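Input: a single structure, listed below in C-alpha cells.
Convention: sequence-line order gives letters A, B, ...; per-chain numbering from 1. These numbers were taken from a predicted model, which means no experiment stands behind them. Atoms considered below: every heavy atom in the structure, side chains included; atoms not considered: hydrogens, waters and symmetry mates.
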Amino acid sequence: MDFQVVVLAGGTSKELIPLVSKEVPKALLPVANRPVLSYVLELLEQSNLKDLIVVVEGEDAALRVGGWISSAYVDRLHVEVAAVPEDVGTAGALRAIGHHLTAHDILVVSGDLVCDVPPGAVAAAHRRHDAVVTAMLCSARVSGPSESGSAGGKDKAKKPGRYNIIGLDPTQQFLLFIAAGAEVEKDIRVQKSILRAVGQMEMRADLMDAHLYAFKRSVLQEILDQKETFQSLRQDVLPYLVRSQLRSELSLHGAQSEENGNDKVSSQDNKVTLSQLLTNSSTPSFLELYAVGPNGSALVPSKTHKCCVYIAGKNKFCARLNSIQAFSDINRDVIGDASHLSGYSFSAHNNIIHPSAVLGSKTTVGPQCMLGEGSQMGDKCSVKRSVIGRHCRIGSNVKVVNSVIMNHVSIGDGCSIQGSVICSNVQLQDRVVLKDCQVGAGFVVSAGSEYKGESLARKEKCQSQ
Amino acid sequence: MVQKKAASRVSEDAEEELARAPLQAVLLADSFAQKFRPITLERPKVLLPLVNIPMIDYTLAWLESAGVEEVFVFCCAHSRQVIDYLNNSKWFGQPNFTIKTIESHNSVSAGDALRLIYEQNVIYEDFILISGDTLSNMSLTQALEEHKERRKKNSNAVMTMVIKKSKPSPLTHQSRLGTDELFMAIDPETKQLLYYEDKADHLKGSITLDKMLLADNPSVSLHNDKQDCYIDICSPEVLSLFTDNFDYQHLRRHFVKGLLVDDIMGYKIFTHEIYSSYAARIDNFRSYDTVSKDIIQRWTYPFVPDVQFFGNNAAKLERQGMYRSSGIVQSRSAQIGPFTVIGNGTTIGNNTKISNSVVGEGCNIGSNVAIEGSYIWHNVTIEDGCTIRHAIVCDGVIMKSGAVLEPGVVLSFKVVIGQQFVVPAYSKVSLLQQPTKQDSDEELEYADDSSGIVKIPSITCTSDKLSGKLTSELSETQRWATSEVGAGGVGFIWSVGEGGYEEELRHSVAPIPADKLAEIIQAANDDVEMSAQDGNLLPPSGELQPDSNSIGSEDNIEDMRDDYIYFEKEVEATFLRAVQENITEEHVVLEVNSLRLSYNKTSVDCASALFYSMMKLALETPHSSTSELLGNATNVIGTWQKLLKYYLPSLDEEIEVILKFEEMCLESAKEFSSIFVQVLHLLYDKDILQEDAIHNWATEKEGADESDKVFLKQSEKFIQWLNEASEEED
C-alpha cells in the first residue's frame with residue numbers, strides 16, 4: 001500500500017495537567033498500564049501499516065517517546081520519531097516534516113486515539129473514491145461514568161457530548177459540512193451551492209471526528225504551502241477542503257488540467273464510470289454530476305474534489321484521550337466494556353491481577369479491575385473498576401473505586417480513593433480521602449487530609465498547605 | 001377497572017365520532033397572485049382550462065376521490081363566475097360530496113380568507129387546505145392517519161404539509177414547475193419541518209440554521225430537492241392562529257415561517273412525502289406547461305383526458321400520446337405530432353403541423369399552420385400560415401393569416417392579431433389595458449394584489465358584458481390598437497411586469513432559450529468565482545464569520561450619532577414652535593418626553609438638546625453686539641428656565657449642559673465663545689446650574705489638553721469668585 005502514516009503524538013498537553021509532566025508526555029500516559037500511543041501503533045500494525053513517522057512536540061518529549069518506542073517495538077515496526085517545536089499545531093507539524101512525506105497518500109492519526117476501527121478500512125475508502133481527504137467519524141460517546149457507575153442516577157439525563165456538526169450526503173460517503181470547536185455552539189451556516197449540488201444533506205450532531213484522516217499527499221502539501229496561516233488540520237485544513245469541494249483550487253491532476261476541454265470531458269466520463277464500478281452505485285455521485293454539468297455536457301467543467309468519510313459502526317470503540325475525564329473514561333472502558341483493546345487476558349473474575357501482585361487477607365479486587373506487576377495490597381482492601389499500576393504499595397483498609405493509580409504509588413492505611421487519578425511516585429499517607437481528584441507525579445498527601453474535586457500537583461504544594 | 005372500561009368506551013366513542021365526522025376541505029378558488037395576468041383579469045385562474053378542463057375540476061375530482069365529503073370553496077376574485085360555474089356543474093347534487101361556496105370581496109390574501117372561514121364557524125375537524133389550482137392523485141389516507149396520530153400525542157402538531165421530490169435546476173435555481181428553489185430542514189425521524197425558505201436570496205451563499213435545532217435533534221436533513229405541493233392537512237387551530245395573528249397573509253411566508261420561528265406556543269408542522277403519486281400546483285405559466293405535459297403523459301392518472309372523471313367528453317388515446325375527441329375535422333395532409341390533445345369540433349386544415357400542444361374545442365385552424373408546444377383554448381381561429389411556438393392562446397382569439405407568435409407569448413381572450421404580425425417573445429396581449437400601477441402601500445407584498453382585487457368587480461362586469469360592449473368599443477379600440485398588434489388587430493401589448501424580463505423568462509411557457517442559459521451559466525461561474533474569493537477571505541480559523549458582527553459595532557455608533565442629530569432637530573423644532581405659539585412648559589415637556597421615548601434617549605440628551613435649541617434661538621434673534629446677544633440669551637433662558645430645569649434632575653445633566661455649551665462655542669455658535677463666562681454666570685444666577693456642577697466640570701477639565709481648557713481659563717475668575725462666595729457663606 002502506498003500509504004505513509006504520520007502519528008501526531010503531541011507533547012505535554014495543557015488539558016492533561018497535572019497528569020502529564022516533562023517525564024511523562026501525553027503519548028506515554030498509561031491506559032491500562034500501557035502507554036496510550038501503543039494502542040495506535042498496534043492498531044496500525046494490525047492493518048499492516050508498519051512504516052510510521054511519529055511526530056512529537058518538543059525535543060525532550062521526543063527523546064522519551066523515541067526511547068520507549070525503540071524499546072517496545074524494535075523489531076516490529078519501522079518508526080521514525082520527529083521532533084517539532086511546541087505549539088505549531090497539527091498542520092504546522094505536518095509542514096515541518098514535509099520533506100519526509102513521499103507516498104501518494106498520507107494517513108494522519110492522532111497519537112491519543114484509542115479505538116478498534118481498522119485504519120485500513122479508512123484507507124480503502126479513501127482510495128475507492130479517489131478522495132483528497134477521508135475522515136473517520138465515529139459515534140459520539142456519552143462522557144462521564146457509564147450507567148453502571150456509582151453515580152448512575154445523576155447521569156441519566158446526560159446527552160451524548162457534541163463534538164462536531166457534520167453534514168453528509170444521503171449515501172453517507174461524502175463530507176459536505178463540518179463544524180468543530182466553538183463553531184458547534186453557533187448557528188449553522190450551510191453553503192447553498194453544496195446543498196444545491198447534492199439536493200439533500202443530513203446534518204448530524206451525534207458523530208465525532210476521530211482525528212484519523214487520509215490525505216492525498218500532493219493536495220495536503222499544496223494547502224500547507226499556500227495557506228501559511230493554517231495551523232490545525234481539524235480547524236483549518238479540513239473545513240477548507242470541505243468548503244471548497246465544488247470549486248476546487250487545487251491542481252489535482254497537474255497534467256490533466258493542461259489538456260484541452262474535450263479531453264477533459266472524456267476523462268471525466270471515464271472517471272464517472274470507473275468510480276461507479278468501484279462504489280457499486282447505480283448513479284454517479286453528486287460531485288461527478290456537478291462536475292459534468294447539466295444535460296451531461298460539460299459547459300462549465302467545474303473542478304471539484306472529494307471529501308469522504310468513513311463512519312465507524314456503532315459497536316466500535318473509539319475515543320480520544322484529550323482530557324482528564326477522557327483519561328478516566330478510557331482507562332475504565334479498556335478494562336471494562338472494551339476489554340478486547342487492552343490485549344490482556346482476563347481472569348474468571350473478569351479482572352487482571354498480575355501473578356506477582358500480593359493481596360492481603362480479606363482484600364477483594366472486583367471485576368473490571370487491573371492490578372499491575374509487583375503491587376502489594378494490605379488486608380481488607382476493596383478495589384472496584386480501577387487500574388492500579390506496577391509496584392504500588394497499598395496499606396490496609398483502603399478503598400479504591402473508579403480510579404487510576406499509576407506506578408510506584410504508596411498508599412497508607414485507611415485511605416479512600418474515588419474517581420481520582422493518582423500519578424506515579426505519589427505518596428498518600430494514612431486516612432487520606434480523595435474524591436474526583438488528580439494527584440500529580442511525586443506529590444505527597446499528608447495524613448488525614450480530605451480533598452474533593454481538586455487537582456494536586458507538586459508545584460502547588462506550598463500554596464495548598 | 002370500571003373506570004378503565006369507561007375510558008376505553010369514551011375513546012371508542014370518540015373514535016366513532018371521528019369516523020363519523022365528514023372530512024372537510026377548504027379550497028381557495030383564488031391564488032391571491034397575479035402571475036396569470038392578463039388572463040385572470042377576465043376569468044378566474046381556477047376556471048382556466050388545463051388540457052381542456054377547468055383547473056378546479058381536477059382539484060374537486062381529486063378531493064372527491066380522496067374521500068373528502070364537504071368542500072368549502074372560497075371565492076374572491078371573479079367570485080360570481082366561480083359560483084355560476086359550480087352551480088351549473090355536476091358537482092352540486094353529488095351524494096356524499098357537498099360543495100359550499102363562501103364569497104368575499106375584500107380578502108386580499110389566503111390569511112384573510114382563512115380568517116373569514118374561521119368567523120363562519122364551519123370547520124370543526126382536521127381539514128384539507130388546498131388551492132383551486134392544485135392537481136393531485138395522491139391518497140390522503142396515510143397522510144391523514146399520520147396527522148391524526150401525531151395530534152393524539154401532541155395537540156400542537158397543527159399541520160401536515162405534503163412534499164414531493166423534485167430537484168431544482170442548479171443553474172436557474174428553479175424547479176421544473178417554475179417555482180423558486182426551496183430549502184427545507186426536516187427531522188428525518190419525526191418528519192417535523194424545522195426550516196423553510198422559499199423566495200431564497202440567491203446572493204446569500206449560505207443558509208443559517210439556528211443552533212438550537214441540532215441541540216434537540218441528533219440529526220437533521222437539509223433538503224433542496226423537495227417541492228412543496230401546497231396540499232396541507234390542517235387542524236382547526238390553524239384557522240384560529242390566523243385570527244390571532246392578523247398580520248399573517250401568506251400561507252408559507254407568514255404562517256409557516258411564523259410557526260417555525262415562534263417557540264412560545266410550540267406549534268409544530270410536519271411533512272408527508274409522497275413518492276409515486278402526483279401532486280403539483282400551477283403557480284405560473286411554466287408550471288401550467290409542465291403540469292399539462294404531465295397530464296398528457298398520464299402521470300396524473302386517473303385524471304387524464306381519456307378518462308371521464310367528471311362531465312367531460314372523454315377523448316380517445318392514440319399512439320404516441322395523442323388524444324383526439326370525436327368530431328374532429330382534419331385534413332389528410334395535416335400532421336399531428338406526439339403528445340397532443342385535440343378538442344371536440346375542431347377543424348384542421350392542409351399541411352398543418354401540430355406537436356406537443358393542446359388544442360381546445362371548436363377551434364378553426366387553417367392550412368400551413370405550425371403549432372408547437374402551445375396551448376390553444378376554445379373557439380380560437382387561426383388562419384392560414386400562422387406559426388405558434390410555446391404560446392398560450394385564450395378563448396375566442398383570432399389570428400389573421402401569417403401571424404406569428406414567438407415563444408412565451410400569451411394572448412388573452414378575444415384578442416385579434418393582425419395579418420403577418422409577429423408578436424414579440426414573452427409579450428402578453430389583452431383587450432384590457434394594463435392597469436397603471438397604483439400608488440399603494442408598498443410595504444405589503446399584497447398591496448398590488450389588493451389593487452387588482454379591488455378592481456375586479458368592475459372588471460367582472462366588463463368581461464360579462466364584454467361581448468356586448470365590445471362591438472361598440474371595437475371601432476374605438478381598433479383605431480389605435482392597430483399599431484400594437486398589427487393591421488386589423490385588437491388588443492394591447494402589456495409591458496413587462498415588475499419582475500422584469502428575467503421573471504418573464506423564468507415563468508413563461510417557453511423553455512429558457514439556449515443563449516440565455518449560457519448567460520446564466522456565465523453568471524453562475526462568476527458567482528462561483530466571487531464566492532471562491534470570498535472563501536479565500538475567510539479567516540484562517542475556518543470559522544465562517546457572521547455577516548454583521550465585524551462591522552456591526554461601527555455601524556451602531558454611526559447609527560446612534562445620526563439618531564441623536566435627528567432627535568436634536570426634532571427637539572429644536574418643537575421648542576421653536578413652542579416659542580412661536582406660546583405653548584406652555586408642561587406641553588413642551590410632554591412633547592419632548594414623547595420624542596425622548598421614541599428615539600430611546602435619556603434626559604441628558606433632552607437637556608443638552610433643549611439647551612442647544614435655546615442658545616440657537618438666542619443666536620438667531622437679531623443682535624448687533626455680543627452684549628445684545630447676551631441679552632437675548634438672558635431673555636430666552638429666563639423664559640424657559642423651568643423647562644430646562646425639568647430635565648436637569650442631577651449634577652450629571654448639568655455638567656453635560658456645560659459640556660454641550662462648550663462644544664457649541666467651539667463649533668456651531670462661535671459668537672458665544674466671547675461671552676462664555678457671562679452665560680455661565682447667567683445660568684448660575686438662574687439656578688439652572690448648581691455650584692457643584694461648575695466645580696465638577698472644572699475638575700473634570702483639569703486633566704484635559706491645553707486646547708480644551710480655553711473656556712476653563714476664561715471662567716477661572718468666575719470659579720474663584722464662586723469659591724470665595726461659598727467660603728464667605730461658611
Side-chain angles (χ1 to χ4, degrees), chain A residues 91 140 159-160 162 165-168 170 176-207 227-232 234-240 242-244 246-249 289-290 293-295 299-300 302, chain B residues 165-173 181 183-186 188 194-195 197 200-226 517-518 521-522 524-525 527-529 531-536 538-547:
Chain A
K159 281 186 181 174
R162 281 152 49 89
I165 291 175
I166 284 163
L168 301 173
L176 308 172
F177 176 83
I178 185 160
E183 242 180 300
V184 172
E185 301 304 323
K186 291 184 191 159
D187 285 356
I188 308 155
R189 297 177 72 216
V190 183
Q191 278 169 288
K192 279 184 186 163
S193 52
I194 289 181
L195 189 52
R196 276 185 199 118
V198 72
Q200 178 181 346
M201 186 192 290
E202 197 184 337
M203 305 296 291
R204 297 275 292 266
D206 55 351
L207 290 174
K227 314 276 177 186
E228 283 171 7
T229 49
F230 280 8
Q231 282 237 320
S232 152
R234 177 176 66 101
Q235 287 182 339
D236 303 323
V237 177
L238 185 63
Y240 169 76
V242 170
R243 257 197 335 262
S244 61
L246 290 186
R247 39 177 172 76
S248 175
E249 294 158 7
L289 286 176
Y290 184 86
N295 316 322
L299 284 165
V300 227
S302 332
Chain B
K165 188 160 183 145
S166 151
K167 196 163 185 281
S169 148
L171 284 177
T172 55
H173 304 316
E181 61 180 346
F183 291 100
M184 284 196 284
I186 295 171
L194 303 167
Y195 181 82
E197 180 183 334
D201 185 0
H202 301 306
L203 299 173
K204 230 176 94 186
S206 62
I207 60 175
T208 308
L209 298 179
D210 195 90
K211 55 177 177 278
M212 292 312 292
L213 222 58
L214 271 170
D216 303 335
N217 313 298
S219 84
V220 168
S221 287
L222 281 177
H223 292 280
N224 177 39
D225 57 350
K226 299 280 186 271
L517 260 185
I521 289 168
Q522 191 54 47
N525 265 358
D527 206 37
V528 165
E529 271 156 36
S531 50
Q533 282 167 3
D534 177 54
N536 285 343
L538 283 169
S541 71
E543 284 181 17
L544 291 163
Q545 290 283 339
D547 295 324

Results of side-chain contact (heavy atoms from CB on, under 4.5 Å) for A:Ser232 - residues two or more places apart only |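 Expected list: A:Thr90, A:Arg234, A:Gln235, A:Asp236.
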
Can you tell me how far the CG atom of A:Leu195 sits from the CG atom of B:Asp225, to the nearest 0.5 Å?
-> 8.0 Å

Nearest 0.5 Å please: distance from the OG atom of B:Ser219 over to the CD1 atom of A:Ile166.
->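 Here the interatomic distance stands at 12.0 Å.
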
Could you check which of A:Gly199, A:Gly167, A:Pro170 has the highest count of heavy-atom pairs closer than 4.5 Å to chain B?
-> A:Gly199

